[in-house]
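Letters go in sequence order (proteins before strands), and every chain restarts at 1.
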Amino acid sequence: MRAVQLLTGFLDSIVGELGFSKPAKAVIEPPKDKKFGDLAANYALVLAKDTGKNPRELAGLLAEKLRTASPEIASVEIAGPGFLNVTFAPAFRQAVIPLIENAGDNYGSSDLGAGKKLQVEFVSANPTGPLHIGHGRGAAIGDSLCRVMRFAGYNAEAEYYINDAGKQMRTLGLSIWLRALELTGKRSEPFPEDCYKGEYIIDIARELLAKDPGLTERPEAEGQDVCYEYGLKDIFDGIKKDLLDFGVHHDEWFSERSLVESGAVEQTLEDLKRSGRAFEQDGALWFRTTEHGDDKDRVLRKSDGTLTYFASDIAYHADKYRRGFDRVIDVWGADHHGYIPRMRAAVAALGKEQEAFDVVLVQLVNLLQGGEQIAMSTRAGKFETLADVLAEVGSDAARFIFLSRKSDSKLDFDLELVKQRTMDNPVYYVQYAHARIAAVGRRVNEQNGPTPAEADLSLLVAEEELDLLRLLDRFPQAARDAAHMASPHFISHYLMELAGLLHRAYAVLPVMGAENRALGAARLRLLNAVAQTLRNGLTLLGVSAPKSM
RNA sequence: GCGCAGUUAGCUCAGUUGGAUAGAGCGUUGGCCUCCGGAGCCAAAGGCCGCAGGUUCGAUUCCUGCACUGCGCGCCA
C-alpha cells in the first residue's frame with residue numbers, strides 16, 4: 001500500500017517530466033512471482049499504446065529516472081514486453097513495523113467510505129422457524145461486511161427486516177393451533193401439507209398449553225391469534241439468541257407490520273399512482289417496472305385487495321432512504337436473484353442512483369456429514385439448525401468457513417471437516433499463527449529475552465523477514481478491496497497467506513535463539529506486527545484471535 | 001422457452017478495471033522434532049483455465065455462439 005502510493009507518485013511525476021499525460025489504465029501491483037521484485041508497473045506498455053512508441057524504449061526512459069528518484073528504491077528492472085519491476089530498499093520495508101505499532105487496531109483502516117451513511121440489511125429470515133445453516137452464512141457475511149465497511153470509513157448500520165405481516169405468519173398461527181388441538185385430543189386428521197411440520201411447532205404448542213390450558217376452548221380465530229403472537233415471540237427470541245451466540249449484531253430490528261400499520265405502504269402506493277408509475281388493470285394495481293428495465297410489470301395489490309410483498313418492500317426501501325442512508329446493501333439468498341430487477345426498478349423509481357442500492361447474493365450451503373449430504377427444508381421439518389451446527393463446530397470455525405468463499409458460490413459445509421483441527425479447516429491455521437506469536441512473547445518475558453527497545457530493525461534482511469514485511473504492507477489494500485467489492489472473503493485469503501508466511505518464518509527465525517539481542521528484538525517486533533495484523537483481519541471476520549489454543 | 005449464476009490440478013476453491021512461466025489448501029509421494037507450541041515446516045508430482053470463434057502486441061479475464069450444472073421466471077411468500 002505504502003509502496004504502491006510511493007511508486008505511483010514517482011511514476012506520475014516522471015511521466016509528466018517526459019511530457020506525456022498520465023496513462024489512465026496504468027496499473028501498479030505486486031507481481032505473481034516475487035523474483036520480479038516488489039511491485040510491477042505496466043506504465044510503459046500503456047504509454048506505448050497511447051503514443052505508438054516502442055514499449056521497451058519507453059520503459060528504459062522511465063527506469064533511468066526512477067532509479068535515481070529516491071534511496072527507497074533499490075532497483076528497477078525492465079522485463080518482458082516492458083514491465084518495470086521495482087524493488088524497494090530494506091529500510092523502506094522495515095518502516096512498516098512502527099507504522100503498525102502506531103496504528104494498532106486501526107492498521108489497515110481507511111476513509112474510502114468518507115463517512116457515508118450505509119445500511120446493510122441481512123438475515124431478515126421470516127420468524128416461522130429457527131435459523132438454519134443457510135441463514136448462518138448470510139449472518140456471517142452481513143456482519144462481517146458491516147465490520148469491513150466501517151473499517152473502510154463508512155458509517156454502517158446493520159438491520160434485520162422482520163416479515164411479521166402476511167400469509168406466512170397466519171400459517172404459523174394455524175400450525176401451532178392445529179398442533180395444540182392434536183395435543184389435547186381434539187383433532188386426529190392428518191396434519192396439512194402447507195403448514196409448518198417441524199418439531200419446534202409441537203414444542204411451542206405444548207409450552208403454550210402449559211401456560212394457557214384453556215387455549216383450545218377459545219374460538220378458532222382468537223385461538224389462532226394467541227398461537228401466532230406466542231409463536232412469533234418464541235421463535236424470534238430464539239433467532240435473537242442464535243445470532244447473539246454467533247457474535248452477530250444488528251443495530252435495528254425493523255418490523256414489516258409497523259410499516260403496514262403506520263400506513264406507509266398505502267402512502268407509497270398513492271405516491272406511485274400519482275406519479276403515474278402504478279396503474280389499475282384486471283382489478284389489480286400494477287407497478288410499471290418495465291420502465292426501469294424489468295422484463296414485465298409487477299403486481300402491488302392483488303384483485304382480492306391484499307398487498308404483495310413487493311408493495312411493502314418498496315415502502316420499506318423508501319423508508320430506508322428517508323432515514324438518510326446514502327447507500328443500502330441487501331444480503332439475500334441467491335434463490336431471490338430474480339427479484340433484483342424489480343427491486344432495482346423500484347429504487348430507480350424512488351429517484352435513487354444505481355450506486356445507492358446493492359444486493360449481495362448468498363448461495364446455498366450444502367450441509368454434509370462425512371461427505372454425505374444432509375437434507376434441509378423448513379416445511380418438511382428436516383433441517384440442521386444454526387444452533388445445532390454452532391454447538392457442533394463452534395462459532396469461529398463456522399464463521400471462517402462461511403467467509404472463506406465468495407458469497408455467490410455454493411459452499412460445502414462438512415460438519416466432520418469443520419470440526420477437525422487440521423488444515424482442512426484453515427481457521428486453526430490462522431489462529432495458531434496468532435497463538436504461536438503470543439507464546440513467543442510469553443517465553444521472552446519468562447526468560448528475560450530481548451525487549452522491543454533493544455531492536456535494530458535494519459537487521460531484518462533475511463528473505464523470510466522481507467517477505468513478511470512486504471505482505472504486512474499489503475493489508476490496507478486487502479481491507480480496501482474487501483470494502484470496495486463488498487467481499488469479506490478477501491480478508492480470509494489474506495490471513496491465510498500471512499499465517500502461511502509466519503509459520504514458514506517461525507521455524508528459521510528464532511527470537512530467543514537469535515545471533516544477538518538486537519536482531520532477536522527486531523524479530524519480536526516483526527512478530528508482534530504480524531500478530532496485530534492477524535488480529536485486525538480476524539476482527540473484520542468476527543473470529544477470535546486466541547493467545548493460546 | 002426466457003433470464004441470472006457457475007464450469008480453473010484427483011477434491012474443495014482463489015484469481016474484478018486484459019499482462020510475464022495460471023495459484024492455494026486438501027489428497028498423493030518423499031523428507032524435517034537435543035531447537036520460542038509438529039494444530040507446524042520443506043520438497044516433488046499433478047493443468048488444452050468447459051468447447052469453438054472474435055477483439056488485442058498480449059485473453060482464465062472482454063465480446064459472440066455452443067455444451068453441461070444450479071437457481072429463478074405467479075394477482076406465491
Item to complete: Could you go through the salt bridge (Lys or Arg N to Asp or Glu O under 4.0 Å) check for A:Glu497 and A:Arg470 one step at a time?
Response: CA-CA 12 Å; A:Glu497 196 179 346; A:Arg470 194 180 292 116; over 6 Å; no
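- Across B:G40, B:C75, B:C36, the shortest atom-to-atom separation from the side chain of A:Val511 is found for B:C36.
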Worksheet item: Under a cut-off of 3.5 Å for both distances of each Watson-Crick or G-U pair, what dot-bracket string does RNA chain B give, using [ ] for crossing pairs and | for inter-strand pairs?
Response: (((((((..((((.....[...)))).(((((.......))))).....(((((..]....))))))))))))....
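- Using modelled atom types, one finds no donor on one side chain facing an acceptor on the other under 3.5 Å when comparing A:Tyr228 with A:Asp164.
- Nearest to the side-chain atoms of A:His337 among the listed nucleotides B:A20, B:G37, B:G3 stands B:G3.
- Distances from the side chain of A:Asn85 to the nucleotides B:C36, B:A20, B:C75 place B:A20 closest.
- Annotation: of the two residues near RNA chain B, A:Asp304 and A:Leu361, the 5′-most nearest-nucleotide partner is A:Leu361.
- Checked against side-chain hydrogen bond (donor to acceptor under 3.5 Å, both in side chains), A:Lys547 has no partners two or more places apart in sequence or in another chain.
- By the 6.0 Å and 45° rule, A:Arg474 does not stack over the aromatic ring of A:Tyr494.
- Per the geometry, CE belonging to A:Met496 stands 12 Å off C1' belonging to B:C26, to the nearest Å.
- Spacing between atom CG of A:Leu364 and atom P of B:U69 amounts to 18 Å, rounded to whole angstrom units.
- Checked for salt-bridge contact, A:Arg327 and A:Glu355 miss the test: no charged N lies under 4.0 Å from a carboxylate O.
- No side-chain donor-acceptor contact under 3.5 Å links A:Thr289 to the backbone of A:Arg342.
- Base orientation of B:C71: anti, since the glycosidic angle falls outside 90° of 0.
- Between B:C41, B:C71, B:G37, one nucleotide has an atom nearer to the side chain of A:Arg436 than all others, and that is B:G37.
- Rounded to whole Å, atom P of B:G74 lies 11 Å from atom CG of A:Asp294.
- Listed by first then second residue, pairs satisfying side-chain hydrogen bond (donor to acceptor under 3.5 Å, both in side chains) with a partner in residues 507-520 of chain A read A:Glu454-A:Arg517, not counting sequence neighbours.
- Picking from B:A20, B:C71, B:C75 the nucleotide with the shortest atom distance to the side chain of A:Ala79 gives B:A20.
- At the heavy-atom level, A:Gln281 lies under 4.0 Å from base atoms of the strands shown.
- Between A:Leu368 atom CG and B:C11 atom C1' the separation is 13 Å, expressed in whole Å.
- Side-chain N or O atoms of A:Gln431 include one that pairs as donor or acceptor with a backbone N or O of A:Ser544 at under 3.5 Å.
- The list of side-chain hydrogen bond (donor to acceptor under 3.5 Å, both in side chains) pairs with a residue in residues 475-487 of chain A, not counting sequence neighbours, reads A:Gln477-A:Asp481.
- Among the atoms of the strands shown, base atoms are found under 4.0 Å from some heavy atom of A:Leu509.
- Using a 4.0 Å heavy-atom distance criterion, A:Ala40 is classed as a base contact.
- Per the geometry, CG belonging to A:Leu502 stands 12 Å off C1' belonging to B:G37, to the nearest Å.
- Checking B:C36, B:C75, B:A5 against every side-chain atom of A:Asp282, the shortest atom distance belongs to B:C75.
- Aromatic ring centres of A:Phe413 and A:Phe402: separated by under 6.0 Å.
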Practice prompt. List the protein contact pattern of nucleotides 13-19 of chain B with one symbol per nucleotide (5' to 3'): B for base contact, S for sugar-phosphate-only contact, - for none; contact means a heavy-atom distance under 4.0 Å.
Written response: SSSBBSB
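- Candidate nucleotides B:A20, B:A39, B:C36 were compared by shortest atom distance to the side chain of A:Pro510, and B:C36 ranks first.
- For A:Thr308 against B:C75, no side-chain N or O and base N or O form a donor-acceptor pair under 3.5 Å.
- Screening residues 399-410 of chain A for side-chain hydrogen bond (donor to acceptor under 3.5 Å, both in side chains), with sequence neighbours left out, gives A:Asp143-A:Arg399.
- Regarding A:Met512, its CE atom lies at a distance of 10 Å from the P atom of B:C36, rounded to whole Å.
- A stacked arrangement is not assigned to A:Tyr432 and the six-membered base ring of B:G40, the conditions of a centre distance below 5.5 Å and an interplanar angle below 30° not being jointly met.
- Atom C1' of nucleotide B:G37 and atom CG of A:Leu527 are separated by 13 Å, given to the nearest angstrom.
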